[in-house]
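Accompanying notes for the structure given below.
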Amino acid sequence: MTAASFMDLALEQAENAEKSGEVPIGCVIVRDNEVIARAGNRTLIDRDPTAHAEVLALREAARRVGSERLTDCDLYVTLEPCTMCAAAISFARIRRLYYGASDPKGGAVDSGVRFFAAPTCHHAPEVYPSVGESKAAALLRQFFKARR
């Protein structure tokens, strides 16, 4: 499968999250060209401010792999990760990060604090921005437009 195909799977997770009333962000984690974890945001459903798609997918992937180190895994997420998620991605030692839409307000990879560029960051994945950006951005715009 291609990066675009895996991002399409992340977009499906985002759409599922939206159907549950959550902010439509989705994530999949891939190892050896196979999806080993998938999640959408669940902060409202779980009443958990840390239940971002990335964190939930990282937890599932770590359980499946049997290790907190996901060194041979790639993470696909529909929105640029926030600081919390960037830190979790770093701690998990994710190999590559692919994200869809940029988040100038809350993102922490290429926006904001630029977590992976900080001298205190122990591991920085290879970063590939703008994968499936137009679909991811449109989904978020639609969601927030309906809320306003």
Side-chain angles (χ1 to χ4, degrees), residues 1-116 121-144:
M1 289 181 74
T2 65
S5 300
F6 287 123
M7 187 58 76
D8 285 342
L9 296 175
L11 282 161
E12 286 178 18
Q13 294 300 306
E15 290 165 356
N16 291 340
E18 181 180 28
K19 289 174 188 168
S20 299
E22 298 281 355
V23 176
I25 299 171
C27 179
V28 297
I29 298 179
V30 176
R31 181 182 192 203
D32 297 329
N33 213 36
E34 176 190 344
V35 175
I36 62 165
R38 61 185 79 218
N41 269 11
R42 286 200 325 249
T43 59
L44 300 174
I45 292 168
D46 292 359
R47 301 284 188 242
D48 179 356
T50 69
H52 290 199
E54 300 95 309
V55 171
L56 297 171
L58 286 166
R59 289 175 184 161
E60 182 182 334
R63 275 193 299 275
R64 255 190 100 185
V65 169
S67 174
E68 74 285 2
R69 302 279 192 225
L70 303 172
T71 56
D72 56 352
C73 296
D74 301 332
L75 187 146
Y76 295 79
V77 65
T78 57
L79 183 67
E80 178 182 359
C82 69
T83 306
M84 175 184 70
C85 292
I89 289 164
S90 176
F91 293 151
R93 306 299 196 265
I94 289 290
R95 177 178 52 192
R96 294 183 196 102
L97 164 65
Y98 298 84
Y99 72 84
S102 294
D103 186 359
K105 187 175 178 182
V109 176
D110 293 316
S111 305
V113 300
R114 298 178 185 234
F115 185 85
F116 299 132
C121 178
H122 296 291
H123 168 78
E126 294 175 29
V127 176
Y128 300 91
S130 306
V131 177
E133 179 178 23
S134 60
K135 290 180 189 175
L139 186 61
L140 286 159
R141 270 194 306 276
Q142 241 178 332
F143 176 81
F144 286 111

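As the structure is a prediction and not an experimental result, all values here were calculated from the model. Starting from 1, each residue takes its place in the sequence as its number.
R31 has its side chain within reach of C73: a pair of non-hydrogen atoms, C-beta onward, lies under 4.5 Å apart. Within the 4.5 Å cutoff, no side-chain heavy atoms of I29 are placed close to those of E60. No side-chain heavy atom of H52 sits under 4.5 Å from any side-chain heavy atom of I25. With a 4.5 Å cut-off on side-chain heavy atoms, P81 and L97 count as touching.
Heavy-atom minimum distance, A108 versus V113: CB-CG2, 3.7 Å. The heavy-atom pair separating V77 from M7 by the smallest distance is O-CE, 3.3 Å. Contact detail for L44 and G21: the closest heavy-atom pair is CD1-O, 3.4 Å. Residues L58 and I89 share a closest heavy-atom pair of CD1-N, 3.9 Å. Heavy-atom minimum distance, R96 versus D74: NH1-OD2, 3.1 Å. Heavy atoms only, all atoms of each residue included: R95 and T71 are closest at CB-O, 3.3 Å.
In terms of modelled atom types and a separation under 3.5 Å, the side chain of S102 and the main chain of P104 share no donor-acceptor contact. H123 contributes a side-chain N or O that, together with a main-chain N or O of I94, makes up a donor-acceptor pair within less than 3.5 Å. Using modelled atom types, one side-chain atom of T78 and one backbone atom of G26 make a donor-acceptor pair closer than 3.5 Å. Not a single donor-acceptor pair under 3.5 Å links the side chain of R141 to the backbone N or O of A136. Using modelled atom types, no side-chain atom of N41 and backbone atom of P24 make a donor-acceptor pair closer than 3.5 Å. Side-chain atoms of R38 do not come within 3.5 Å of backbone N or O of V28 as any donor-acceptor pair. A donor-acceptor pair is defined here as one N or O able to donate and one able to accept, closer than 3.5 Å; such a pair exists between the side chain of E80 and the backbone of D103.
Contacts of E54 classified as side-chain hydrogen bond (donor to acceptor under 3.5 Å, both in side chains), with partners at least two apart in sequence or in another chain: none.
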Inset, instruction - Report the C-alpha distance between D8 and Y76 in whole Å, list the side-chain angles of each, state the deciding distance to 0.1 Å, and finish with yes or no for side-chain contact (heavy atoms from CB on, under 4.5 Å). - result: CA-CA 9 Å; D8 285 342; Y76 295 79; over 6 Å; no
Inset, instruction - Assess whether side-chain contact (heavy atoms from CB on, under 4.5 Å) is satisfied between L9 and V35, documenting all intermediate values. - result: CA-CA 9 Å; L9 296 175; V35 175; 3.7 Å; yes
Legend entry - Derivation of the side-chain contact (heavy atoms from CB on, under 4.5 Å) call for E22 and T43: CA-CA 7 Å; E22 298 281 355; T43 59; 3.3 Å; yes
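Rounded to the nearest 0.5 Å, atoms CG (D110) and CZ (F116) are 9.5 Å apart. To the nearest 0.5 Å, the span separating CD on E68 from CZ on R93 amounts to 9.0 Å. Between the CG atom in L56 and the CG atom in D46 there is a gap of 6.5 Å [rounded to 0.5 Å]. One finds the SG atom of C27 at 14.5 Å from the OH atom of Y99 (value rounded to the nearest 0.5 Å). Between atom CZ of residue R114 and atom OG1 of residue T83 there is a gap of 12.5 Å, rounded to the nearest 0.5 Å.
Crowding of F143 atom CZ: a count of heavy atoms from other residues, nucleotides or ligands under 6.0 Å exceeding 12.
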